[in-house]
Structures are given as C-alpha cells and as structure tokens.
Amino acid sequence: MFNIILFGPPGSGKGTQSEKLIAAYGLKHLSTGDLLRSEIARKTPLGIEAKSLMDKGHLVPDEVVVGMISSALDEHPEAKGFLFDGFPRTVAQSEALDKLLKLKNTEIGVVLALDVSEEELVKRLLNRGLTSGRSDDTNEAVVRARIIEYKQKTTVVANYYEKFNKVVHLKGEGTVEEIFSGLCSEIDKRLSI
Ligand code: ADP
C-alpha cells in the first residue's frame, strides 16, 4: 500500500491534482471537505453542526473528521493506497491518522506540499466561488479566515511529518500539467525503491 498526503493551503490546487493522481495511480481519494459537504447535502446532524463552522472558515472538531476518516478506511479494505486531501489539518489529526494506518500495517509514504502565495490563493478561491456553489468561497472575509486557520493550525502538520523526513515541497503555481508532472516524479521515485 502506498499512501499520500496532498498538503497545502485552501486553494492550492489539492482537489484538481487529486483527481489526476487517483486516476494515474489507482488510489482511493479521501477528502474530508468532500465528506463533510456530502453530510451537509444529506442534512445529517453531523452536517448541520459542520456547516456552521465551515461557513465561518473555522475547522470542524478533530473527533468528527477523524471518525469520518476511520470509517472511510474501513470501507475500502481493497484499496491499493489512499490519497488524503485536506486531512490531516492539525497535529492531533496527524497522530490519529498514524495510529489508524498502523492498525492496518501501513503508513504515510510521502507528504506532497503545494506552495502558493497568499494573494494567489485569495484570487483563486474567490474565482472558484463564482461557479462552485460553495458558500465558503464567495466571501473574502471567510476566505481569509480559512487561510488564517491554515497558518495557525495546519502549517505545523508539515513540521510533524518533517520529523519523519516525509515532506516534499513543490511549487503550486504554474500550469496544472506542470504541477502534476512534478507530483508524479516524486511519487515515482518512492514507488521504485
Ligand atoms: P479548502 O481546503 O479549499 O478550504 P476543503 O474542502 O478541504 O477546502 O475544506 C472546506 C472546509 O471543511 C474547511 O474550511 C473546514 O471548515 C472543513 N474541513 C475540511 N477538512 C477538515 C479537517 N481535516 N479538519 C477540520 N475541518 C476540516
């Protein structure tokens, strides 16, 4: 099994690159943002609680997202590997993920971190808001709040995995194809070991 974390701030292109990576490597895509939006669409109690936090640009509690990931891992015992997108977003989530993977005799192979400047992120998110129907993408104050949450709680996730030498930083600006080929070459290097 080869498991990847696609890491980076909101708007860094994780969703776009995830689609291409899962197609190329046959991985199972686990996006906590998508899982939460599906709960919201189904109006579940979890979705209703999550929506009010997401609409303010805040993170959802660790227990909620860890629970969703734990169930998703159990639902796909046949997976060749998982691509985590938007998760883990706190050190507590990283520690919980490591434990869950260990129970399945596997681990994170690499953390691919997309670096994008803050002004480019805001521009991309507001632009996505014009068509995505995502309420957290239409308001600049919410977009900026998400970036602040990222800086305060999520950048430390990269430091956590640096300790295990698992992080590779890549430029997240350029064409979709350029970025994709950079990601693929990092994955291929590790798959050929
Ligand atoms: P983006 O990274 O573009 O902001 P996501 O779809 O990954 O979009 O996440 C949207 C929102 O869902 C986040 O702003 C946050 O409120 C919530 N969320 C997603 N993943 C997590 C997570 N791992 N922990 C806590 N909250 C999360």
Side-chain angles (χ1 to χ4, degrees), residues 3-19 21-22 28-73 82-101 108 111-158 160-161 172-173 176 179:
N3 305 300
I4 300 171
I5 295 176
L6 193 55
F7 186 78
S12 56
K14 301 186 298 293
T16 306
Q17 296 296 335
S18 290
E19 291 303 320
L21 290 170
I22 55 165
K28 175 74 196 153
H29 185 199
L30 292 185
S31 154
T32 39
D34 288 350
L35 292 170
L36 288 166
R37 281 184 288 277
S38 136
E39 297 280 341
I40 293 173
R42 286 181 284 123
K43 298 195 166 63
T44 64
L46 190 159
I48 292 164
E49 185 200 337
K51 186 176 183 340
S52 67
L53 291 163
M54 290 164 74
D55 281 347
K56 293 191 201 95
H58 295 161
L59 293 185
V60 171
D62 290 334
E63 315 79 75
V64 172
V65 286
V66 169
M68 289 190 326
I69 289 287
S70 174
S71 314
L73 291 175
F82 293 94
L83 176 68
F84 298 96
D85 160 8
F87 178 89
R89 259 172 151 100
T90 63
V91 170
Q93 292 178 21
S94 312
E95 290 168 348
L97 177 61
D98 281 357
K99 282 194 191 132
L100 289 171
L101 293 178
I108 292 298
V111 178
L112 300 168
L114 294 172
D115 295 330
V116 177
S117 75
E118 185 163 336
E119 282 324 296
E120 174 70 15
L121 295 175
V122 174
K123 210 169 77 188
R124 287 187 190 177
L125 289 167
L126 292 174
N127 197 38
R128 182 169 80 185
L130 299 175
T131 52
S132 69
R134 275 182 57 170
S135 51
D136 60 344
D137 282 344
T138 45
N139 177 323
E140 183 162 347
V142 174
V143 164
R144 294 211 180 257
R146 282 156 60 201
I147 296 174
I148 290 170
E149 281 280 82
Y150 175 80
K151 286 190 189 158
Q152 289 181 343
K153 298 180 181 159
T154 307
T155 46
V156 287
V157 166
Y160 172 86
Y161 288 104
E173 295 182 49
V176 168
I179 298 163

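Just follow the structure's listing: the first ligand is 1, and inside any ligand the first atom is 1.
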Chemist: Pick one of side chain, backbone, both or neither for how Val65 approaches ligand 1, counting any non-hydrogen atom pair under 4.0 Å.
Modeler: side chain

Chemist: Has Glu173 got a side-chain atom pairing as donor or acceptor with Ser117's backbone, closer than 3.5 angstrom?
Modeler: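 Flag set: sc Glu173 to bb Ser117 pair under 3.5 Å.
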
Chemist: Determine, for Arg128 against Asp136, whether the closest basic-nitrogen to carboxylate-oxygen distance falls under 4.0 angstrom.
Modeler: no

Chemist: Could you tell me, atom by atom, which parts of ligand 1 come under 4.0 Å of a heavy atom of Gly86?
Modeler: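 Close to Gly86: 20 (N), 21 (C), 22 (C), 23 (N).
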
Chemist: Does the distance from a Lys or Arg side-chain N to an Asp or Glu carboxylate O, for Glu120 and Arg124, drop under 4.0 Å?
Modeler: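 Looking at Arg124 together with Glu120, the answer is yes, because their closest N to O distance falls below 4.0 Å.
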
Chemist: Heavy-atom contacts with Gly33 under 4.0 Å: which atoms of ligand 1 show up? List them by number with element.
Modeler: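 Taking each heavy atom of Gly33 in turn, ligand 1 has 5 (P), 6 (O), 9 (O), 19 (C), 20 (N) under 4.0 Å.
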
Chemist: Determine, using heavy atoms of Lys153 and all atoms of ligand 1, whether some pair is separated by less than 4.0 Å.
Modeler: no

Chemist: Does at least one non-hydrogen atom of Leu53 fall below 4.0 angstrom from an atom of ligand 1?
Modeler: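 So Leu53 does not count as touching ligand 1.
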
Chemist: Would you find a donor on one side and an acceptor on the other, under 3.5 Å apart, between the side chain of Thr44 and the backbone of Ile40?
Modeler: no

Chemist: Heavy-atom pairs closer than 4.0 Å: do any link ligand 1 to the side chain of Arg124, the backbone, both, or neither?
Modeler: neither

Chemist: Which atoms of ligand 1 have any heavy atom of Arg134 under 4.0 Å away?
Modeler: 1 (P), 3 (O), 4 (O), 5 (P), 6 (O), 8 (O), 10 (C)

Chemist: Heavy atoms only: give me the nearest Pro9-Lys14 pair and the separation to one decimal.
Modeler: O-NZ, 3.1 Å

Chemist: Heavy-atom pairs closer than 4.0 Å: do any link ligand 1 to the side chain of His58, the backbone, both, or neither?
Modeler: backbone

Chemist: So, the side chain of Thr155 versus the backbone of Lys151: is there a donor-acceptor pair under 3.5 Å, distance only?
Modeler: yes

Chemist: What atoms of ligand 1 come closer than 4.0 angstrom to any heavy atom of Gln93?
Modeler: 22 (C), 23 (N), 24 (N), 25 (C)

Chemist: Counting N and O atoms only, with roles assigned by atom type, does the side chain of Arg89 sit under 3.5 Å from a partner on the main chain of Thr32, one being a donor and the other an acceptor?
Modeler: no

Chemist: Heavy atoms only, cut-off 4.0 Å: how does Leu36 contact ligand 1, side chain, backbone, both, or neither?
Modeler: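 Near ligand 1, Leu36 shows its side chain, while the N, CA, C and O stay back.
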
Chemist: Applying a heavy-atom cut-off of 4.0 Å, say which part of Met54 lies close to ligand 1: side chain, backbone, both or neither.
Modeler: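 Both the backbone and the side chain of Met54 come within reach of ligand 1.
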
Chemist: Under 4.0 Å from any heavy atom of Lys14, which atoms of ligand 1 are there?
Modeler: 2 (O)

Chemist: Quick one: look at Met68 and ligand 1, take heavy-atom pairs under 4.0 Å, and tell me if it's side chain, backbone, both or neither.
Modeler: neither

